[in-house]
Amino acid sequence: MYSGALKNKIHKLKYEGKHGWAMIFGRLLVGWMESHPEQMEGVDHVVGNPAHHGRQPIQHIEAIMDAAYAEDVTRAFPLSPPGAHRLVKHTETARSANRTLGEKRAAATAHAAALTWTGDTSDIRGSTILLVDDVFTSGSQLQHVALRLRSSGAADVRGLVLARVPWSG
């Protein structure tokens, strides 16, 4: 759950640029992949839901993915090396944090439209992608990014997040 200590640590990375938390979250990601071989079966690419390249203080998702790559010393998983991320965001879009559901959906649509698959586009055709993000709030962003990847040729897109916002009652 995105609450308490976990929420605090994600904020430390995302909003204060505390890089050490990227290493820990990267280790958690690799640990999850190691302990869930059935969910990893057939995955061709593990990609982060990217932050804009100018995001300050840190491109937190890219930092987590770089740390996961460093942690995967046997190269057991299809992670991209640092500086060679497969999914990138070159255009800044409105953030969805602290927005209404309608605003989150609009921001998710714009975010997905700003993404580019780098390298050989034949890599995405027919592939299965594990899309990694930090926080799941409404699901709009994962949904729109998955739709974008599917329209680019991916056969299947699976989502994995560090934390989910507790449902309000």
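Note that these values count all heavy atoms, side chains included, but never hydrogens, waters or copies made by symmetry. Counting begins at 1 with the first residue of the sequence.
Partners of His52 according to the ring pair (Phe, Tyr, Trp, His ring centres under 6.0 Å) rule, which considers only residues two or more places apart in sequence or in another chain, do not exist here. Here Asp156 pairs with Arg158 under the salt bridge (charged side-chain N to carboxylate O under 4.0 Å, His left out) rule; sequence neighbours left out. By the side-chain contact (heavy atoms from CB on, under 4.5 Å) test, His19 pairs with Ile58, sequence neighbours left out. For His85, the ring pair (Phe, Tyr, Trp, His ring centres under 6.0 Å) criterion is met by no residue, not counting sequence neighbours. For Glu16, the salt bridge (charged side-chain N to carboxylate O under 4.0 Å, His left out) partners are Lys12, not counting sequence neighbours. For Thr93, the side-chain hydrogen bond (donor to acceptor under 3.5 Å, both in side chains) partners at least two apart in sequence or on another chain are Lys89. For His36, the ring pair (Phe, Tyr, Trp, His ring centres under 6.0 Å) partners are Trp32, not counting sequence neighbours. Evaluation of the side-chain contact (heavy atoms from CB on, under 4.5 Å) rule for Pro81 yields Tyr69, Ala84 as partners, not counting sequence neighbours.
In terms of heavy-atom proximity, Leu6 sits nearest to Ala163 at CD2-CB, 3.6 Å. Among all heavy-atom pairs drawn from Ala107 and Ser96, the shortest one is CB-CB, 4.0 Å. Contact between Gly17 and Pro57 at its shortest, heavy atoms only, is N-CG, 3.4 Å. Between Ile129 and Ala154, the shortest heavy-atom contact is CD1-CB, 3.8 Å.
Side-chain contact between Glu41 and Thr128 is absent, with no heavy-atom pair separated by less than 4.5 Å. The side-chain heavy atoms of Leu130 and Met40, taken from C-beta on, include a pair separated by under 4.5 Å. Within the 4.5 Å cutoff, the side chain of Trp117 has heavy atoms near those of the Val47 side chain. With contacts defined as side-chain heavy-atom distances shorter than 4.5 Å, the pair Leu87/Pro50 qualifies. Residues Tyr15 and His60 fail the side-chain proximity criterion, which asks for heavy atoms closer than 4.5 Å. The side-chain heavy atoms of His11 and Tyr2, taken from C-beta on, include a pair separated by under 4.5 Å.
Note that CD1 of Ile64 and CG of Leu29 are 8.5 Å apart. Values are rounded to the nearest 0.5 Å. Put simply, CE on Met65 and CD1 on Ile61 are 8.5 Å apart, with the number rounded to the nearest 0.5 Å. Rounding to the nearest 0.5 Å gives a distance of 13.0 Å between NE2 of His144 and CG of Leu149. To the nearest 0.5 Å, the span separating CG on Leu115 from OG1 on Thr91 amounts to 9.5 Å.
Between the side chain of Glu62 and the backbone N or O of Ala51 there is at least one donor-acceptor pair closer than 3.5 Å.
Identified under the salt bridge (charged side-chain N to carboxylate O under 4.0 Å, His left out) test for residues 106-131, with sequence neighbours left out: Arg86-Asp123. Pairs engaging residues 66-78 under the salt bridge (charged side-chain N to carboxylate O under 4.0 Å, His left out) rule: Arg27-Glu71 [sequence neighbours left out]. Residue pairs meeting the salt bridge (charged side-chain N to carboxylate O under 4.0 Å, His left out) criterion with at least one partner in residues 92-117, sequence neighbours excluded, are absent. Each salt bridge (charged side-chain N to carboxylate O under 4.0 Å, His left out) pair with one or both residues in residues 126-154, not counting sequence neighbours, appears once here: Lys14-Asp134.
Within 6.0 Å of NZ on Lys9 lie more than 12 heavy atoms contributed by other residues, nucleotides or ligands.
Both Leu13 and Leu28 are part of a single hydrophobic cluster, where members link through side-chain heavy atoms under 4.5 Å apart. Leu101 and Val135 fall into different hydrophobic clusters, defined by Ile, Leu, Val, Met, Phe, Trp and Tyr side-chain heavy atoms under 4.5 Å apart, directly or through other members. Linking Ile, Leu, Val, Met, Phe, Trp and Tyr whenever their side-chain heavy atoms come within less than 4.5 Å leaves Phe136 and Phe25 in two separate clusters. Transitive grouping of hydrophobic side chains (ILVMFWY, heavy atoms separated by less than 4.5 Å) keeps Trp21 and Met23 in distinct clusters.
The residue from Leu160, Val157, Val161 that alone fulfils the side chain to side chain contact (heavy atoms under 4.5 Å, CB included) condition with Leu131 is Val157.
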